[in-house]
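Contents: one structure, followed by commentary.
Chain letters run A, B, ... following the sequence lines, proteins first and then strands; every chain starts at 1. Keep in mind that the numbers below use all heavy atoms, side chains included, and drop hydrogens, waters and symmetry copies.
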2 protein chains.
Amino acid sequence: MRADARKNYDHLLEVGREVIAEQGVDASMREVARRAGVGIGTLYRHFPTREALLETLLRGGFDAVTAAARALETSAASGDALVTWLREMVALTYRHRGVIASMTAAIADPGSALHASCVELRGSGARLLTRAQADGQARTDIDGVDLLALVSALAWLNDQPPFAARVDGLFDVIARAIRS
Amino acid sequence: MRADARKNYDHLLEVGREVIAEQGVDASMREVARRAGVGIGTLYRHFPTREALLETLLRGGFDAVTAAARALETSAASGDALVTWLREMVALTYRHRGVIASMTAAIADPGSALHASCVELRGSGARLLTRAQADGQARTDIDGVDLLALVSALAWLNDQPPFAARVDGLFDVIARAIRS
DNA sequence: ACCTGAACACCGTTCAAGT
DNA sequence: ACCTGAACACCGTTCAAGT
């Protein structure tokens, strides 16, 4: 990549992160280009679709949680490990408003650039769940998909102004239900 | 209202219901006008904002659930009555994809035409919860807002293709958590 | 190679002009 | 009174033209 292109690429990512932090994942691509002081065509040259920009922005955070989950797999208390994962997932979505919608869309669409990261994320939670279930630390009538659904639901609540303040308490309700 | 205006009004509502059923609450107003065979200005004359059309379309269903909840308040088993209300709420949102987002937006915005209906809906659930709590049929560390949050989360899951198939099972997880 | 911005096909909403 | 559709200010995305 040419030096000027590299500079634009990096700057677009930086500005993109800023704008998404302010306005959520539905922020306008044109707005990103404008703020980056770059033609809209330049943005689309580097990121052929808005999902492509989002993907580059979000993958890091997703993979970090997956990595953290790997570490949790060998921790002592399997029930606590599971709840810690839940908490990290909610925190992840807290950092980027609306990200959970991107995640469920990516899971549903194998063609999405975020698909692999999301499937791994789900797998990391599923392994923690299985271990907790084997230890009698989690109810056995749910699986990894249900787990992701429950954490996604909490994340969604976090994005809804009338409910955001309740998420801490609701987290406990859900966490206790999972540990039953 | 003049006869021709009345006809347009009714037809717009009918077509609007159709389009929202097909495409969810994010459907295009222009599409509604086109299908109704009417100028876009005519739609905006009758419904000054997309929320106004949505409100007219949704209020009936909301108020029906509120009315049903009133009847449940005097039913025998307070715990079962609460779960029945939960089930009706999820069914309500099942009928119109995406309606739950309109509901939380309406709750957050007192200026919304749907605000009153939604607040009443929340109140109807809160009364059923209070009664169940008094009977020892529901956990006492949640209130009406938490209840609406949980049912909204289920409704949201119902709108997400990767999770929709799991909602029945997850409903039980949540319902049991509430009755604890 | 890379950048630019006009162009295309959309959107919600407004409003001057017609009946 | 009411209807119409061009107009405005947006959007995501594409692409011919420039450097």
Side-chain angles (χ1 to χ4, degrees), chain A residues 1-20 22-58 96-99 101-102 105-106 109 111-114, chain B residues 1-20 22-58 96-99 101-102 105-106 109 111-114:
Chain A
M1 186 151 29
R2 230 164 60 179
D4 55 347
R6 167 103 257 156
K7 204 181 145 196
N8 277 337
Y9 179 89
D10 292 342
H11 193 216
L12 278 167
L13 268 186
E14 189 185 321
V15 172
R17 196 176 296 278
E18 229 174 77
V19 173
I20 263 79
E22 278 174 32
Q23 310 180 10
V25 294
D26 291 329
S28 152
M29 290 297 103
R30 280 182 127 98
E31 167 79 7
V32 173
R34 266 194 301 269
R35 267 208 230 178
V38 123
I40 182 67
T42 302
L43 186 152
Y44 275 90
R45 157 164 267 262
H46 289 297
F47 305 99
T49 163
R50 55 174 299 124
E51 257 243 323
L53 177 56
L54 240 48
E55 186 269 335
T56 311
L57 244 32
L58 300 179
H96 302 290
R97 215 178 337 144
V99 64
S102 301
D109 171 21
S112 158
L114 280 173
Chain B
M1 184 151 32
R2 232 164 60 179
D4 56 345
R6 166 103 258 156
K7 204 181 144 196
N8 277 336
Y9 179 89
D10 292 342
H11 193 215
L12 278 167
L13 268 186
E14 189 185 321
V15 172
R17 195 174 298 277
E18 230 175 75
V19 173
I20 263 80
E22 277 173 32
Q23 309 180 12
V25 296
D26 291 329
S28 152
M29 290 296 103
R30 281 183 127 98
E31 167 80 6
V32 173
R34 265 194 301 268
R35 269 208 228 178
V38 123
I40 182 68
T42 302
L43 186 151
Y44 274 90
R45 156 163 267 262
H46 290 297
F47 305 99
T49 161
R50 56 174 298 124
E51 257 243 322
L53 177 56
L54 239 48
E55 187 268 336
T56 312
L57 244 32
L58 300 179
H96 302 291
R97 216 177 336 144
V99 63
S102 301
D109 172 21
S112 158
L114 279 173

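- Atom CZ in R45(B) sits about 15 Å away from atom C1' in dG5(D), given to the nearest Å.
- For DNA chain C, if you chain together Watson-Crick or G-U pairs that step i with j, i+1 with j-1 and so on, the runs of at least three with distances under 3.5 Å are C:4-8 with D:12-16, C:12-16 with D:4-8.
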Practice task
Begin with the C-alpha distance, continue with both residues' side-chain angles, and end with the deciding distance and a verdict on side chain to side chain contact (heavy atoms under 4.5 Å, CB included) for L57(B) and F47(B).
Solution key: CA-CA 11 Å; L57(B) 244 32; F47(B) 305 99; over 6 Å; no

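- Considering only heavy atoms from C-beta on, L53(B) comes within 4.5 Å of L13(B) through its side chain.
- Nucleotide dC11(C) holds its C1' atom 13 Å from the CG atom of L43(B), rounded to whole Å.
- Phosphate contact (OP1/OP2 of dC2(C), side-chain N/O of H46(A), threshold under 4.0 Å): absent.
- As a whole-Å value, the separation of M1(B) CE from dC2(D) P is 7 Å.
- The side chain of R34(B) places an N or O atom within less than 4.0 Å of a non-bridging phosphate oxygen (OP1 or OP2) of dC11(C).
- Across all their heavy atoms, G98(B) and V25(B) have their closest contact at O-CG2, 3.3 Å.
- Across all strands, R6(B) comes closer than 4.0 Å to no nucleic acid atom at all (heavy-atom distances).
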Exercise for the section: Test H46(B) against M1(B) for side chain to side chain contact (heavy atoms under 4.5 Å, CB included), laying out the working first. Expected result: CA-CA 11 Å; H46(B) 290 297; M1(B) 184 151 32; 4.1 Å; yes

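- Separation of the P atoms belonging to dA7(D) and dA7(C) is 16 Å when rounded to the nearest angstrom.
- Rounding to whole angstrom units, OH of residue Y9(B) and C1' of dA1(D) are separated by 17 Å.
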Completion exercise
Contact string for nucleotides 12-19 of chain D, one letter per nucleotide 5' to 3', B = base within protein heavy-atom range under 4.0 Å, S = sugar-phosphate only, - = neither, reads BBBB----

Exercise for the section: Could you walk me through whether L54(A) and I20(A) pass the side chain to side chain contact (heavy atoms under 4.5 Å, CB included) test, one step at a time? Expected result: CA-CA 9 Å; L54(A) 240 48; I20(A) 263 79; 4.1 Å; yes

Practice task
Decide yes or no on side chain to side chain contact (heavy atoms under 4.5 Å, CB included) for H11(B) and V38(B), but give the supporting numbers first.
Solution key: CA-CA 10 Å; H11(B) 193 215; V38(B) 123; over 6 Å; no

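- Of the options E14(B), M29(B), R35(B), R34(B), a side chain to side chain contact (heavy atoms under 4.5 Å, CB included) to V19(B) is made by R35(B) and by none of the others.
- Rounding to whole angstrom units, CD of residue Q23(B) and C1' of dC10(C) are separated by 13 Å.
- A distance-only check finds a donor-acceptor pair linking the side chain of R50(A) to the backbone of A27(A) [under 3.5 Å].
- Between L12(B) and A36(B), the closest heavy-atom pair is CD2-CB, 3.7 Å.
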